[in-house]
Amino acid sequence: MRRGGLALALTIALTAPALAREVPMQLRRAHVVPLTFAEMKGWRRDDHRASYAAFVKSCGAILNSSKAQRARRAMLGGLYVACQQAVKIAKPDDAQARQFFEDNFRPMRIAKAGDVDGFFTGYYETEVEGSLVKTAEYNIPFYGIPSKLKGRSTVFGQYDRTQIEAGAIAGKGLALCWVKDPVDVLFAQIQGSTRVKLADGQLLRLNYIASNGKPYYPVGKYLIDQGIIARQDMSMDRIRDWMEANPVEGKALRDKNRSYVFFEKTPLLPTTQILGAQGVPLTPLRSAAVDKSLHIYGTPIWINANLPLLSEEPSTPFRHLVIAQDTGSAIVGPARADIFFGAGNLLGHVAGRIKDHGEFVMLVPKSVALRGDSPAAEVPLPQPRPAAIATRTAEADDAADGAGAR
């Protein structure tokens, strides 16, 4: 090389900005497969502005994280960098919003060790009737926690559900309100929040604040395994119907779930938004609850699944980018998401019947080098689908391609 050319090359090398070093991160109990956005079916047809708006809500919390917090968790550090770029964009159109995600993230398909797909459920904020004082009719408590224990994720770990419901913490002034039905308490604990309508019309919101740290027992799985409810018929409504028709057996089944969730009480106005565990407002069909021990709030997750949205059959394509903004004691695993549907008991009939598998794709900041700890050889190929299901899925895919179902 001539001297002048060498000098020019050295000048460029010395003055060019250094490439950002990728920070390694391992996702526990997971298998990770890199994808491209072009491989994500339905990606270009999604409403990216809606996902971007939900993501920016998370950025408010992420940008307030400390340097020490970001240093400890690579994903948080990567999301911080992405948020710095996001807040520079004022009211993007759909193409700009999509470009933002493609410029700042890499898609990684995630599966639990031994699986090929993620697992999805739906949740909503229920509304139940209640009272601020205990009466003969309203005698089932929703418990809060002592003020001195605020900030702890685990409280009263020495007691399980049976002991707490038997009165282990009664008389300590921790009852936030009282309801008629223990099933209402159980479902609120599974969902993570509920609305309580008082006799004077006032509405309260109860939000998850802590748990006793005991393992969650899936009551629906028990009913399926015992042949009480068929797997294809399982829903929150069916669980409630069975427990109310069989109160003794229902109590025994609830006791198998040793986990107990505690709440905090906030006033609810017509304009009040529903907050997730990240502390930001949730967006219906754009927010999801994840396993907080594995994921960072604010992580974008692409879901590609056929769900029972329009009927009992899982035949409606759901291809959406959602943002991890909430959690729940039943949400466990690297490829597990609970999709937020909004507020109101009518939504519960839809959200409560979702229990379906599909693609779980994390959008990982480009500054993070994500890998799993489960080798590819451990992930089996999916079994051939029964002809009826395969046909139904193909028909749903064709319909989505033609109409862009959302």
Side-chain angles (χ1 to χ4, degrees), residues 111-112 114-124 126 161 181-192 215-259 288-289 303-318 328-333 335-341 344-360 380-397 399 405:
K112 182 176 69 174
D115 287 347
V116 292
D117 279 330
F119 183 66
F120 307 106
T121 49
Y123 74 110
Y124 59 103
T126 59
R161 172 178 296 276
D181 192 342
V183 180
D184 288 333
V185 176
L186 174 68
F187 280 14
Q189 291 174 327
I190 293 173
Q191 301 289 354
Y216 170 80
Y217 183 86
V219 295
K221 183 177 184 301
Y222 174 87
L223 294 173
I224 292 172
D225 291 345
Q226 296 299 310
I228 296 171
I229 300 176
R231 182 178 299 275
Q232 65 270 21
D233 297 331
M234 176 55 64
S235 69
M236 299 288 274
D237 289 341
R238 290 297 301 273
I239 295 173
R240 177 184 289 277
D241 291 345
W242 182 84
M243 286 190 172
E244 291 180 348
N246 303 273
V248 175
E249 295 88 345
K251 173 67 167 64
L253 178 53
R254 291 194 297 276
D255 287 346
K256 288 179 179 290
N257 177 21
R258 301 177 65 212
S259 172
I303 297 174
N304 176 16
N306 290 320
L307 304 180
L309 300 181
L310 302 180
S311 70
E312 298 285 340
E313 294 296 316
S315 56
T316 306
F318 185 97
S329 59
I331 312 305
V332 179
R336 178 76 171 86
D338 204 15
I339 304 164
F340 177 65
F341 275 75
N345 291 335
L346 288 177
L347 291 169
H349 297 296
V350 176
R353 66 186 180 222
I354 293 174
K355 48 188 184 305
D356 298 274
H357 293 84
E359 292 183 6
F360 182 110
L381 292 174
Q383 295 297 314
R385 297 184 180 184
I389 295 178
T391 301
R392 185 178 67 220
T393 302
E395 290 172 350
D397 286 346

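Reckoned from all heavy atoms, side chains included, excluding hydrogens, waters and symmetry mates.
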Asks: Checking Ser315 against Asn306: is there a side-chain donor and acceptor pair closer than 3.5 Å?
Replies: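 Ser315 and Asn306 do not have a side-chain donor-acceptor pair below 3.5 Å.
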Asks: What pair of heavy atoms forms the shortest contact from Gly358 to Ala305, and how long is it?
Replies: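 Here Gly358 and Ala305 meet closest at CA-CB, 4.0 Å.
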Asks: Would you name the heavy atoms of Ala111 and Ala335 that are closest together and state the gap between them?
Replies: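 Shortest heavy-atom contact: CA-CB, 4.0 Å.
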Asks: Would you name the heavy atoms of Phe187 and Arg240 that are closest together and state the gap between them?
Replies: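 So the two residues come closest at CD2-NH2, 3.6 Å.
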Asks: Check side chain to side chain contact (heavy atoms under 4.5 Å, CB included) between Leu223 and all other residues, then give those that pass, not counting sequence neighbours.
Replies: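 With sequence neighbours excluded, Leu223 shows a side chain to side chain contact (heavy atoms under 4.5 Å, CB included) to Ile228, Ile229, Met234, Ile239, Trp242, Leu253, given in chain and number order.
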Asks: Atom CE of Met236 and atom OG1 of Thr126: how far apart are they, to the nearest 0.5 Å?
Replies: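 Here the rounded value is 8.5 Å.
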Asks: What's the separation between atom OH in Tyr123 and atom CZ in Phe340, rounded to the nearest 0.5 Å?
Replies: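 Here the interatomic distance stands at 6.0 Å.
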Asks: Would you say NZ of Lys221 has more than 12 non-hydrogen atoms from neighbouring residues, nucleotides or ligands within 6.0 angstrom?
Replies: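 Not buried by this count: 12 neighbours or fewer within 6.0 Å.
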Asks: Could you check if a side-chain atom of Asp338 sits within less than 4.5 angstrom of a side-chain atom of Thr121, using non-hydrogen atoms only?
Replies: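 A side-chain contact exists here, since the closest heavy-atom pair is under 4.5 Å.
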Asks: For Ser259 versus Arg161, what's the shortest heavy-atom pair and its separation?
Replies: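 Scanning both residues, the minimum pair turns out to be O-NH2, 2.8 Å.
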Asks: On the 0 to 90° scale, with breaks at 30° and 60°, tag the Phe360-Phe120 ring pair as parallel, tilted or perpendicular.
Replies: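 Because their plane-to-plane angle is under 30°, the rings of Phe360 and Phe120 count as parallel.
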Asks: Is any side-chain heavy atom of Asp233 less than 4.5 Å from a side-chain heavy atom of Glu312?
Replies: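 Asp233 does not reach Glu312 side chain to side chain.
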Asks: Distance from Leu307 atom CG to Ile354 atom CD1, nearest 0.5 Å?
Replies: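 The distance works out to 5.0 Å.
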Asks: Show your working on side chain to side chain contact (heavy atoms under 4.5 Å, CB included) between Tyr216 and Val332 and close with a plain yes or no.
Replies: CA-CA 9 Å; Tyr216 170 80; Val332 179; over 6 Å; no
Asks: Considering non-hydrogen atoms only, spot the tightest contact between Asn257 and Tyr217 and give its length.
Replies: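 Taking every non-hydrogen atom into account, OD1-N, 3.0 Å.
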Asks: Working to the nearest 0.5 Å, report the span between CD of Glu359 and CD1 of Ile303.
Replies: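 One gets 11.0 Å once the value is rounded to the nearest 0.5 Å.
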Asks: Roughly how far, to the nearest 0.5 Å, is the NZ atom of Lys251 from the CE atom of Met243?
Replies: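 Atom-to-atom, Met243:CE and Lys251:NZ are 11.0 Å apart.
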